[in-house]
Every structure is written in C-alpha cells, then in structure tokens.
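Take a look at the structure set out below.
Just so it is clear, the values below take in all heavy atoms, side chains as well, and ignore hydrogens, waters and symmetry mates.
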Amino acid sequence: MNTAGRRTPLIAVMVALPLMLASCGVGDGVEVPTTAPLRPSPAVGAITDPYFGNDDYIGRTVTVTATVSKVITERSFVLTGNEYGDDSILVLSAPGIEAEPGKQVTVTGVVRKFTYGAYFDDYDLGGADSYEDFDAEEFLVATGTPSPGPSPSV
C-alpha cells in the first residue's frame with residue numbers, strides 16, 4: 001500500500017488553501033480592516049455611565065468620582081450618585097477609609113446588589129436602619145482605598 005500517494009493531494013490542498021483565502025475579496029471593492037480602530041479611554045471621572053441605575057453592571061469593576069454625602073461607619077459611606085444612575089451610592093470599603101462628608105473621592109470597586117445580612121459581618125455595618133434605603137439596590141464594594149477626587153478647576 002502506497003501511503004505517500006494519499007498524502008500528496010492533502011499536502012497540495014494545504015499549500016494552496018492559504019493562497020486561495022488570501023485572494024478572496026481582492027478586486028471586489030470591499031476592504032476588511034485588519035484591526036479595530038483605537039479610541040482613547042475617557043479620563044477618570046469623565047465616565048458617567050449609569051452603573052447603579054439597573055443590573056447591567058453587577059459584577060463589573062467600575063471607577064466613580066463623587067462627593068461623600070454621608071459616612072455611616074469606618075467601612076461604609078454614601079456618595080452622591082446622580083451622574084451614575086442613582087441618587088446615592090453606598091460604598092463598602094476596607095477599614096481606615098478617609099471619607100469625609102463634602103469631600104470628593106475617586107473609588108474603584110465591583111458593583112454588587114446590596115442585602116444587609118450578606119455584608120453585615122464582613123464589613124461591620126452597624127445598625128440595619130442606616131442601610132434601609134440601599135436594600136436590593138446596586139452598590140460598590142471598593143477594591144482599594146478611596147483617593148481624593150480631582151481638584152475643581154477654577
């Protein structure tokens with residue numbers, strides 16, 4: 001049995017196939033881009049998608065820059081959130097945060113759906129009454145320490 005004879009047609013097809021594929025589309029007036037167009041990313045704080053307006057961003061990491069409206073505990077505070085799809089945004093963070101009411105901060109974290117019982121122990125939340133407005137709402141679990149927001153331009 002001659003096995004070399006069986007391989008020859010296969011080798012010929014393997015050599016010719018790239019040449020045939022490369023000629024597809026040539027001369028038909030259709031250009032196929034080889035790479036996607038590059039778009040620069042917006043500056044931090046310039047992204048104002050409605051991260052907290054619906055369930056679309058749950059599980060995704062986002063960065064927000066907003067003003068602290070209330071500090072609840074050492075590990076939880078509230079940001080103004082109008083530009084991000086909600087009136088207010090609950091943030092749970094590591095201990096020792098430096099969030100002060102009226103100060104602007106930039107926070108990166110993961111969007112989650114809040115239930116008091118699920119986060120009570122891990123974040124030492126304190127009394128449940130402080131969190132009633134956030135029950136079943138989207139909120140932010142910070143992945144780092146909040147940093148001061150950009151200085152307002154004059």
Side-chain angles (χ1 to χ4, degrees), residues 13-14 17-154:
V13 170
M14 291 174 52
L17 187 59
L19 297 173
M20 291 186 302
L21 291 175
S23 67
C24 290
V26 174
D28 61 6
V30 177
E31 285 189 35
V32 179
T34 55
T35 60
L38 297 177
R39 291 185 290 170
S41 297
V44 171
I47 303 169
T48 57
D49 284 352
Y51 299 139
F52 304 94
N54 55 46
D55 293 349
D56 292 348
Y57 287 90
I58 290 179
R60 292 177 62 185
T61 300
V62 301
T63 298
V64 298
T65 298
T67 302
V68 176
S69 61
K70 179 180 179 182
V71 175
I72 301 172
T73 68
E74 184 179 298
R75 299 191 69 183
S76 63
F77 60 96
V78 180
L79 298 174
T80 58
N82 295 333
E83 63 271 16
Y84 297 105
D86 204 344
D87 293 336
S88 58
I89 303 167
L90 174 65
V91 178
L92 300 184
S93 185
I97 60 171
E98 295 187 25
E100 296 178 34
K103 299 285 184 175
Q104 193 174 53
V105 296
T106 298
V107 183
T108 298
V110 178
V111 177
R112 299 279 185 215
K113 181 86 66 172
F114 183 75
T115 57
Y116 179 79
Y119 295 94
F120 173 77
D121 288 331
D122 290 340
Y123 289 91
D124 194 23
L125 296 181
D129 56 335
S130 296
Y131 301 92
E132 288 174 352
D133 292 341
F134 305 104
D135 189 43
E137 294 281 325
E138 293 78 24
F139 78 106
L140 191 63
V141 176
T143 55
T145 304
S147 60
S151 301
S153 57
V154 179

Interatomic distance, [X] atom [atom1] to [Y] atom [atom2] [nearest 0.5 angstrom]:
X    : Y    : atom1 : atom2 : result
I72  : Y123 : CD1   : OH    : 14.0 Å
K70  : S130 : NZ    : OG    : 5.0 Å
L125 : F134 : CG    : CZ    : 11.5 Å
N82  : D87  : CG    : CG    : 5.5 Å

Minimal non-hydrogen separation, [X] against [Y], with atom names:
X    : Y    : answer
T115 : D135 : CA-OD1, 4.1 Å
I89  : T80  : CD1-O, 4.3 Å
S76  : L90  : CB-CD1, 4.4 Å
F120 : G126 : CE1-O, 3.5 Å
V91  : L79  : CG2-CD1, 3.7 Å

Note to self: Looking at E138 and R112, is there a salt bridge between them, counting it only when a charged N and a carboxylate O are closer than 4.0 Å?
What the structure shows: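 Here R112 does not pair with E138 in a salt bridge, since their nearest N and O are not under 4.0 Å apart.
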Notebook entry, point to check: Do S93 and F77 pass the side chain to side chain contact (heavy atoms under 4.5 Å, CB included) test, and can you show the C-alpha distance, the side-chain angles, and the key distance before you say yes or no?
Noted result: CA-CA 8 Å; S93 185; F77 60 96; 4.3 Å; yes
Item checked: Over 12 non-hydrogen atoms of neighbours within 6.0 angstrom of NZ in K113 ->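 Atom NZ in K113 is crowded, with more than 12 foreign heavy atoms closer than 6.0 Å.
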Notebook entry, point to check: Parallel, tilted or perpendicular: which fits the ring planes of Y51 and Y84, with parallel below 30° and perpendicular above 60°?
Noted result: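 Parallel: the ring planes of Y51 and Y84 meet at under 30°.
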Output yes when a side-chain donor or acceptor of [X] lies under 3.5 Å from a complementary backbone atom of [Y], and no otherwise.
X    : Y    : answer
T143 : T108 : yes
S69  : V78  : yes
R75  : D122 : yes

Notebook entry, point to check: What about the rings of Y131 and Y116, do their centers lie closer together than 6.0 Å?
Noted result: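 Yes, the ring centres sit under 6.0 Å apart.
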